[in-house]
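All values reported here derive from a predicted model rather than from experimental measurement. The sequence lines fix the lettering, A, B, ..., with proteins before strands; numbering per chain opens at 1.
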Number of protein chains: 2
Amino acid sequence: MRDSSYNIQKIAKSLGLSVTTVSRVISNQTEKYRISAKTAKIVRDFIEVHQIEPNEIARQLRMKSTKTIGLIVPDIANPFFSEIARSIENEARNNGYFVILGDSNDDQKLEEELVSLMQKRRVDGLIIAPVGKDSKTFKQLVSRNFPIVFVDRYFEELDGSYVSSSNYEGAVKATKFLIGNGHRNIACLQGLQGTSTNSNRVKGYLETLESGGLISDRNLVKGDSYSESDGYHNALILLKEFPQITAVLCLSNLIALGALRAIKELGKKVPEDISLITFDDQPYFQFFQSPLTTVAQQMSSIGTSAFQILLDHIVSENPFLKQKLLLDMPLIERESVRIIG
Amino acid sequence: MRDSSYNIQKIAKSLGLSVTTVSRVISNQTEKYRISAKTAKIVRDFIEVHQIEPNEIARQLRMKSTKTIGLIVPDIANPFFSEIARSIENEARNNGYFVILGDSNDDQKLEEELVSLMQKRRVDGLIIAPVGKDSKTFKQLVSRNFPIVFVDRYFEELDGSYVSSSNYEGAVKATKFLIGNGHRNIACLQGLQGTSTNSNRVKGYLETLESGGLISDRNLVKGDSYSESDGYHNALILLKEFPQITAVLCLSNLIALGALRAIKELGKKVPEDISLITFDDQPYFQFFQSPLTTVAQQMSSIGTSAFQILLDHIVSENPFLKQKLLLDMPLIERESVRIIG
DNA sequence: TTAGTTTGCACAAACGTTTGTGCAATACTT
DNA sequence: AAGTATTGCACAAACGTTTGTGCAAACTAA
């Protein structure tokens, strides 16, 4: 007979006890405050029978802690972020925390609004995969030492904790792989410009080309969003403009999907006409016409690490110890890269 | 200079006003309570300058409304659910609501715990894609008229609102399509038994076989989870045991991935050896070796409808008006079904 | 038996809002 | 000028917890 109109005051009245005592039983502080085992049992039984759920909101107000964290991602429907979200939700729940979800739709304005709303909600901390072009939304938060952890994209100029992948090395690995397979004209479909992930990946790509004795042509780098449509449009442009291209490096899973759509539309085939390698491995990539070779990110590790670091910040005595974590990016070789004589 | 230590009491003191007045300005009740425009402006300017964020928790306590809904899904990393989640989050935010996320991992026990936790959190309502085998977790909620909307899976025996797809018709459509292409030995890889989605789909499949003059063999229906691994294992068993099978109907996107893995492992090809059709369209299905023919669900419509219905329940004077909505399932024809002479 | 100690619980303030109502001061009316 | 109406704001209770402290009653010791 669950009755949410019951609160600990009514329990107290019903049992002829004080609110104080009931509260202390519920919060398992019986020893500390010397509540007798007998009384404790009476209270617990009563709660059990009536399925009473003490008002958490009042508790939050009094304790000044909501046991809630905010999670803001650019696109929860992107499997990369939803996988991260899953592991964060799991880790949070196992530690007694709730997760409020915000989807910024890669929109800086919306992101800022979400951050503000979550501050109002008094979340204890924030995990955010920022749009990432501009750090101004977070400058104050970080300098106030508000518990916050960035995932995926982050800001070099901000002394905040983050968890991401070793994007530079990942791009190096991918580009070397293409060069090693004989490719000389390698294009790059990039993501949102000005983001740390994009900058590092493009840098890895360009520097590897140069150190491989190839000319790195910035015209072969196109795109300005991690979306499917951006990948599609820029792949079309790129492949029409530079017919000599034999390989394309895609900087995200969605970009790769867009590129594939474009390639198909142009009547070309992977890997016969165009070789393709992409960031962000997905289980289904193995079933593609040409199973995709990828540079993978460890999504669930990113999520669990991010939460653990955030938890440190929330409970820590030393809020100045920031953690910066870059996880390894394994290259997963499939069949989308052709070996050129 | 954002300072969350500011609250409306301090604003009041700083401005020489009463807390009451400040509160009324903030909540835009100036006309109702006759706060002069001049005073209102003073308060608003002060808040603007100091970037003050009034304590939402206190408001929630006083108002007995959290402007928060709970969303529980079996697997947020499944694109089907993450797409729904995205549209719900969007719709919720646009209506001033927050979304607390819970991932039940298709575990009844965990689901029940999540529901209980969210009740404690005093969410104003709940949207839940239930594990769906057993309705007992929700019986009380529904009978108490707690605002709740089921999505995807639901319970016939419960008079609760739900939004799902016309699963029966979808299965009929898919099965007819296979029969129409000459298939006579059609297997079915089902999802979690006892769930509404699964029952309706299997029913549609079996009845279509029968009405098509084919024998419906229950041995050709295997599986008990919507997961990739379940699809994989049962596809292996099924294809080994019944070599006469020419087509497989998969009841979810993940099951289809598992089936594909099994088919590949057995050295067979889609659609040459095995035709395949699956529920839950995904954008990337078009890039598969054999682009998959699917029966699609309208995820974002499911999400937005679910929230709107929930909102109705939350604000409505008439909590007894339940809505049951089944959205259309279009058949998307690609190349995974072979025409048999 | 009495003084000292321990046990078991209650009082009341505090967390930061919202809101019905009351009460001055000002404005309006004739 | 005096009475009435209106304007502008403040008081205080309430939402339901948590917690430092106080104070009887019960137990212990001599």
Side-chain angles (χ1 to χ4, degrees), chain A residues 3-44 46-47 50 52-68 96 117 119-124, chain B residues 3-44 46-47 50 52-68 96 117 119-124:
Chain A
D3 185 347
S4 35
S5 71
Y6 255 112
N7 51 29
I8 72 173
Q9 318 203 31
K10 295 204 184 139
I11 301 176
K13 196 163 291 175
S14 298
L15 294 178
L17 289 168
S18 76
V19 176
T20 306
T21 301
V22 175
S23 167
R24 285 170 173 156
V25 171
I26 289 174
S27 55
N28 289 318
Q29 310 223 61
T30 52
E31 351 65 69
K32 179 174 176 198
Y33 290 113
R34 298 180 314 225
I35 309 299
S36 70
K38 202 175 96 189
T39 305
K41 182 163 168 33
I42 291 174
V43 173
R44 282 196 245 270
F46 191 86
I47 290 174
H50 295 269
I52 298 164
E53 292 171 338
N55 190 312
E56 172 70 17
I57 304 299
R59 208 195 62 79
Q60 292 180 13
L61 177 60
R62 173 62 219 237
M63 306 293 274
K64 288 168 157 289
S65 148
T66 55
K67 286 277 186 179
T68 301
L117 285 170
Q119 291 289 109
K120 253 185 218 149
R121 287 278 160 141
R122 296 294 194 269
V123 294
D124 292 344
Chain B
D3 186 347
S4 35
S5 73
Y6 255 111
N7 51 31
I8 72 173
Q9 317 204 33
K10 295 204 183 137
I11 301 176
K13 195 164 291 177
S14 299
L15 295 177
L17 289 168
S18 77
V19 176
T20 306
T21 301
V22 175
S23 166
R24 285 171 172 157
V25 171
I26 290 174
S27 54
N28 290 317
Q29 310 223 59
T30 52
E31 351 64 70
K32 180 174 174 196
Y33 289 114
R34 297 180 314 224
I35 309 298
S36 70
K38 200 174 99 189
T39 304
K41 181 163 168 35
I42 291 173
V43 173
R44 282 196 245 269
F46 192 86
I47 290 174
H50 294 269
I52 299 165
E53 291 170 338
N55 191 311
E56 174 70 18
I57 304 300
R59 207 195 62 80
Q60 291 180 13
L61 176 60
R62 172 61 218 240
M63 305 292 277
K64 288 168 156 291
S65 148
T66 56
K67 286 276 186 180
T68 301
L117 285 170
Q119 291 289 108
K120 254 186 215 147
R121 286 279 159 141
R122 296 291 194 272
V123 293
D124 292 345

Under 4.0 Å between a side-chain N or O of B:Y33 and OP1 or OP2 of D:dT7?
no
Between B:R59 and B:S27, does any side-chain donor sit less than 3.5 Å from a side-chain acceptor?
no
Do B:I47 and B:V43 have side chains that get closer than 4.5 Å, going by heavy atoms?
yes
Whether the side chain of A:R62 and the base of D:dG20 hold a donor-acceptor pair under 3.5 Å is what I'd like checked.
no
Would you kindly give the CG-to-C1' distance between B:L15 and D:dA10, to the nearest whole Å?
15 Å
Name the closest nucleotide to the A:R24 side chain, picking from D:dG20, C:dT17, D:dA10.
D:dG20
Check this one for me: any side-chain N or O of B:Q29 less than 4.0 Å away from OP1 or OP2 of C:dT19?
yes
Using a 4.0 Å heavy-atom cut-off, does B:R34 contact any base of the nucleic acid, only the sugar-phosphate backbone, or nothing at all?
base
Whole angstrom value for the distance that separates C1' of D:dG16 from CZ of A:R59:
12 Å
Using the rule given for side chain to side chain contact (heavy atoms under 4.5 Å, CB included), can you reason through A:N7 versus A:K10, listing the C-alpha separation, both sets of side-chain angles and the distance that settles it, and then say yes or no?
CA-CA 5 Å; A:N7 51 29; A:K10 295 204 184 139; 3.3 Å; yes
Would you mind telling me which of C:dG8, D:dC9, C:dT17 lies closest to the side-chain atoms of A:S36?
C:dG8
In whole angstroms, how far is the P atom of C:dT17 from the CE atom of B:M63?
13 Å
By nearest heavy atom, map A:V19 and B:T21 onto DNA chain D; which one lands nearer the 5' end?
B:T21
Whole angstrom is fine here: how far is it from CG in B:N55 over to C1' in D:dC15?
13 Å
Regarding A:E56, tell me which of base, sugar-phosphate or nothing describes its non-hydrogen contacts under 4.0 Å with the strands shown.
nothing
Let's see if you can work this out: which of C:dC9, D:dT17, C:dA10 has an atom nearest to the side-chain heavy atoms of A:I35?
C:dC9
Which part of the nucleic acid, if any, lies within contact of B:I57, taking any heavy atom under 4.0 Å across all strands shown: a base, the sugar-phosphate backbone alone, or nothing?
nothing
With distance as the sole test, does B:T68 use its side chain to make a donor-acceptor pair with the main-chain N or O of B:T66 at under 3.5 Å?
yes
Hey, does the side chain of B:K38 come within less than 4.0 Å of D:dG8's phosphate (OP1/OP2), counting only N and O?
no
What nucleotide, of C:dA10, D:dA10, D:dT17, holds the atom closest to the side chain of A:I8?
D:dT17
Tell me, do B:Q60 and A:E56 make a side-chain contact under 4.5 Å, heavy atoms counted?
no
Counting only side-chain N and O atoms of A:Q60, is one of them less than 4.0 Å from OP1 or OP2 of C:dC15?
no
Side-chain N or O of A:K64 closer than 4.0 Å to phosphate OP1/OP2 of D:dT18:
no
Considering only heavy atoms and no angle criterion, is a donor-acceptor pair shorter than 3.5 Å present between the side chain of B:S23 and the base of C:dT19?
no
Parallel, tilted or perpendicular for A:F46 and A:Y6, by the 30°/60° rule?
perpendicular
Side chain A:T20 and base C:dC11 donor-acceptor under 3.5 Å
yes
How close or far is atom C1' of D:dT17 from atom CD1 of A:I52, stated in whole angstroms?
15 Å
Determine the contact category for B:T39: base if any of its heavy atoms lies under 4.0 Å from a base atom, sugar-phosphate if only primed atoms, P, OP1 or OP2 are that close, otherwise nothing.
sugar-phosphate
Please report the distance, rounded to the nearest Å, between NZ in B:K13 and P in C:dT17.
13 Å
Rounded to the nearest angstrom, tell me the gap between atom CD in B:Q9 and atom C1' in C:dA13.
13 Å
C:dG8 P sits how many Å from A:E31 CD, rounded?
13 Å
